[in-house]
Amino acid sequence: QVQLQESGPGLVKPSETLSLTCIVSGGSILRDYWSWVRQPPGKGLEFIGFVHYSGSTNYNPSLKSRLTIAVDTSKNQFSLKLKSVTAADTAVYFCARLKDRPYYFDFWGQGSLVAVSS
Amino acid sequence: QSALTQPASVSGSPGQSITISCTGTSSDIGGYEYVSWYQQHPGKAPKLLIYEVTKRPSGVSTRFSGSKSGNAASLTISGLQADDESDYYCTSYTSRSTLVFGGGTKVTVL
């Protein structure tokens, strides 16, 4: 059973960089894709992006200019960096496994609330 | 990319069937058989209900079924139960090689 766990600061100042890590256990990161999804308080889910173990990425076009998702296969983990954050980036951030074709999220982390505030 | 369109809310009585629609375009739902559906209870991570339009993961009740026609997909919940009261989201693969979610539908069991 694959398990994912997010970690990172719960509070980030405006204009700074939001950084989160997702540790994968119970399965290898060397298959499928590894993704980030966020959910602002009281709102719906938003796709952020995903990374393949090879390092290739695909990002939500609306976030692409501020976003970096990377994988560390030696640690079986992947990360999210979102720069120049504003209050609109306040959300619960989920990491999830995205199955390679047919592209569905089958395992999810519990979510990590990140607030952007001074 | 624009979110897929779902009704904000759907309700039904116990035992009834309800259907949640999810409308996209030829660049997402209409172009691929990669539609999936998720259930999310408050404060919890989403749970996969349907993938590849119609397939159910092991352990998901047969009361949940999916379909697609053109640029729209649907999730049907039959034999509605109290525990089905939750938020439901559709998602689709897109021509930009990304994923897009629907805005979510709150299901209320009357």
Side-chain angles (χ1 to χ4, degrees), chain A residues 1-7 20 22-24 32-52 54-65 67 69 80 91-113, chain B residues 1-9 20 22 24 27-29 31-60 66 68 73 75 86-106:
Chain A
Q1 180 86 344
V2 174
Q3 293 184 309
L4 299 96
Q5 178 66 58
E6 306 91 348
S7 64
L20 291 171
C22 183
I23 297 174
V24 179
D32 299 308
Y33 298 98
W34 303 93
S35 64
W36 292 96
V37 174
R38 71 180 182 179
Q39 185 170 37
K43 296 188 177 181
L45 300 170
E46 180 182 27
F47 169 75
I48 297 174
F50 62 83
V51 63
H52 187 255
S54 64
S56 66
T57 55
N58 286 80
Y59 297 153
N60 184 326
S62 69
L63 299 171
K64 188 173 184 177
S65 64
L67 184 61
I69 298 176
L80 163 74
V92 174
Y93 286 76
F94 295 98
C95 59
R97 187 175 78 171
L98 176 66
K99 287 295 290 182
D100 184 6
R101 293 182 187 86
Y103 300 109
Y104 58 87
F105 304 98
D106 57 351
F107 293 102
W108 295 72
Q110 63 185 22
S112 178
L113 175 61
Chain B
Q1 56 192 26
S2 298
L4 305 174
T5 301
Q6 296 182 232
S9 63
I20 302 169
C22 174
S27 296
D28 38 66
I29 293 177
Y32 307 92
E33 299 299 301
Y34 299 151
V35 176
S36 52
W37 289 89
Y38 303 84
Q39 178 190 57
Q40 186 184 33
H41 288 296
K44 300 294 187 181
K47 172 190 173 184
L48 176 67
L49 292 178
I50 297 288
Y51 67 97
E52 220 170 340
V53 181
T54 61
K55 296 179 180 179
R56 270 186 311 276
S58 174
V60 171
K68 191 190 95 160
L75 173 72
S86 188
D87 294 323
Y88 293 82
Y89 294 90
C90 60
T91 190
S92 174
Y93 184 73
T94 81
S95 59
R96 293 187 176 191
S97 301
T98 61
L99 280 292
V100 62
F101 281 95
T105 297
K106 180 176 181 59

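Chain identifiers are assigned alphabetically (A, B, ...) following the order of the sequence lines, protein sequences preceding nucleic acid strands; residue numbering begins at 1 within each chain.
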Value for OG (B/S92) from CZ (A/F47), rounded to nearest 0.5 Å, stands at 11.5 Å

So what's closer than 4.5 Å to chain A heavy atoms on B/K55: side chain, backbone, both or neither? neither

Option that, when pairs with chain A are counted at under 4.5 Å, heavy atom only, ranks first among B/K47, B/K44, B/Q40: B/Q40

Pick one of side chain, backbone, both or neither for A/K43, based on which atoms fall under 4.5 Å of a heavy atom in chain B. backbone

Worked check of side chain to side chain contact (heavy atoms under 4.5 Å, CB included) between B/L99 and A/F105: CA-CA 10 Å; B/L99 280 292; A/F105 304 98; 4.0 Å; yes

Side chain from CB out, backbone as N, CA, C, O: work out which of these in B/P42 comes under 4.5 Å of a heavy atom of chain A, or both, or neither. neither

Which atoms of A/V92 come close to chain B, meaning under 4.5 Å heavy atom to heavy atom: side chain ones, backbone ones, both, or neither? neither

Evaluation steps, side chain to side chain contact (heavy atoms under 4.5 Å, CB included), between B/Y34 and A/R101: CA-CA 8 Å; B/Y34 299 151; A/R101 293 182 187 86; 3.9 Å; yes

So for A/L98, is it side chain, backbone, both, or neither that comes closer than 4.5 Å to the heavy atoms of chain B? side chain

In sequence, state the C-alpha distance, the side-chain angles, and the governing distance for B/Y89 and A/Q39, and then conclude on side chain to side chain contact (heavy atoms under 4.5 Å, CB included). CA-CA 12 Å; B/Y89 294 90; A/Q39 185 170 37; 3.3 Å; yes

Among B/A45, B/G104, B/P57, which residue forms the greatest number of heavy-atom pairs with chain A at distances under 4.5 Å? B/A45

So CG of B/L48 and CZ of A/F107: to nearest 0.5 Å the spacing works out to 9.5 Å

Full working for side chain to side chain contact (heavy atoms under 4.5 Å, CB included) between B/Y32 and A/Y103: CA-CA 10 Å; B/Y32 307 92; A/Y103 300 109; over 6 Å; no

Interatomic spacing from CZ in B/F101 to CG in A/N60 - rounded to 0.5 Å: 10.5 Å

If you count heavy-atom pairs within less than 4.5 Å of chain A, which of B/S36, B/S97, B/G43, B/G103 leads? B/S97

Under 4.5 Å, counting heavy-atom pairs only, tell me which of B/P46, B/A3, B/G102 racks up the most with chain A. B/P46

Answer with side chain, backbone, both or neither: which region of B/Q6 has an atom nearer than 4.5 Å to a non-hydrogen atom of chain A? neither

